[in-house]
Amino acid sequence: IRLTDNESTDWGPAWSPDGERIAFQSDRDGNWDIYVMDADGNNLARLTNHVSDNWNPTWSPDGEQITFSSYLSGNY
């Protein structure tokens, strides 16, 4: 089932440990940012908002936090 519908690239889904949410990266706002939504595609929320690219979201085991990689000041 397709959960997003836009002209951008949504990539790298990461399911929360409880299976209720999905974190992913998208370039829908001009650069790669981290988003999260419910497993049914509802309640989309942008988690990062920076000119640097952010990618590879990973949930903590308890599902309370998301780590990700970021390209800040030319460093990974």
Side-chain angles (χ1 to χ4, degrees):
I1 296 173
R2 185 176 180 150
L3 298 176
T4 61
D5 186 18
N6 59 69
E7 297 293 321
S8 302
T9 302
D10 298 330
W11 188 59
W15 287 84
S16 63
D18 64 6
E20 297 292 321
R21 297 179 292 165
I22 304 168
F24 62 97
Q25 63 202 43
S26 179
D27 64 352
R28 64 181 62 202
D29 291 313
N31 62 299
W32 291 103
D33 277 308
I34 305 297
Y35 293 79
V36 67
M37 65 182 173
D38 293 345
D40 63 4
N42 291 319
N43 297 314
L44 178 69
R46 184 177 179 181
L47 299 183
T48 61
N49 185 5
H50 196 273
V51 296
S52 296
D53 290 332
N54 303 290
W55 65 95
N56 195 28
T58 304
W59 293 87
S60 63
D62 63 6
E64 295 296 317
Q65 298 179 42
I66 297 173
T67 60
F68 58 91
S69 299
S70 185
Y71 186 73
L72 298 172
S73 301
N75 298 307
Y76 287 95

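For reference, positions follow the sequence shown, starting with 1.
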Arg21 CZ to Asn42 CG distance, which is reported to the nearest 0.5 Å: 14.0 Å
Minimum heavy-atom distance between Ala23 and Ile66, given as atom pair plus value: CB-CD1, 3.9 Å
Straight-line distance of Asn43 CG to Glu20 CD, nearest 0.5 Å: 11.5 Å
Main-chain N/O of Ser8 paired to Asp27 side chain as donor or acceptor, under 3.5 Å: no
Minimum-distance pair of heavy atoms, taken over all atoms of Ser60 and Pro17: O-CG, 3.3 Å
Side-chain heavy-atom pair Trp55, Tyr71 within 4.5 angstrom cut-off: yes
From OG (Ser26) to CG (Asn31), nearest 0.5 Å: 9.5 Å
Euclidean distance, Asn54 CG relative to Ile34 CD1, rounded to 0.5 Å: 5.5 Å
Minimum-distance pair of heavy atoms, taken over all atoms of Met37 and Thr4: CE-CG2, 3.9 Å
Full working for side-chain contact (heavy atoms from CB on, under 4.5 Å) between Trp59 and Val36: CA-CA 11 Å; Trp59 293 87; Val36 67; 3.8 Å; yes
Intermediate values then yes/no, side-chain hydrogen bond (donor to acceptor under 3.5 Å, both in side chains), His50 and Thr48: CA-CA 6 Å; His50 196 273; Thr48 61; over 6 Å; no
Taking every non-hydrogen atom, the tightest pair across Gly12 and Pro57: O-CG, 3.8 Å
Spacing of OG1 belonging to Thr9 relative to CZ belonging to Phe24, to within rounding of 0.5 Å: 11.5 Å
Passing candidate, side chain to side chain donor-acceptor pair (under 3.5 Å) with Asp33, options Arg28, Arg46, Gln25: Arg46
Within-4.5 Å side-chain heavy-atom neighbours: Ile22 and Trp15: yes
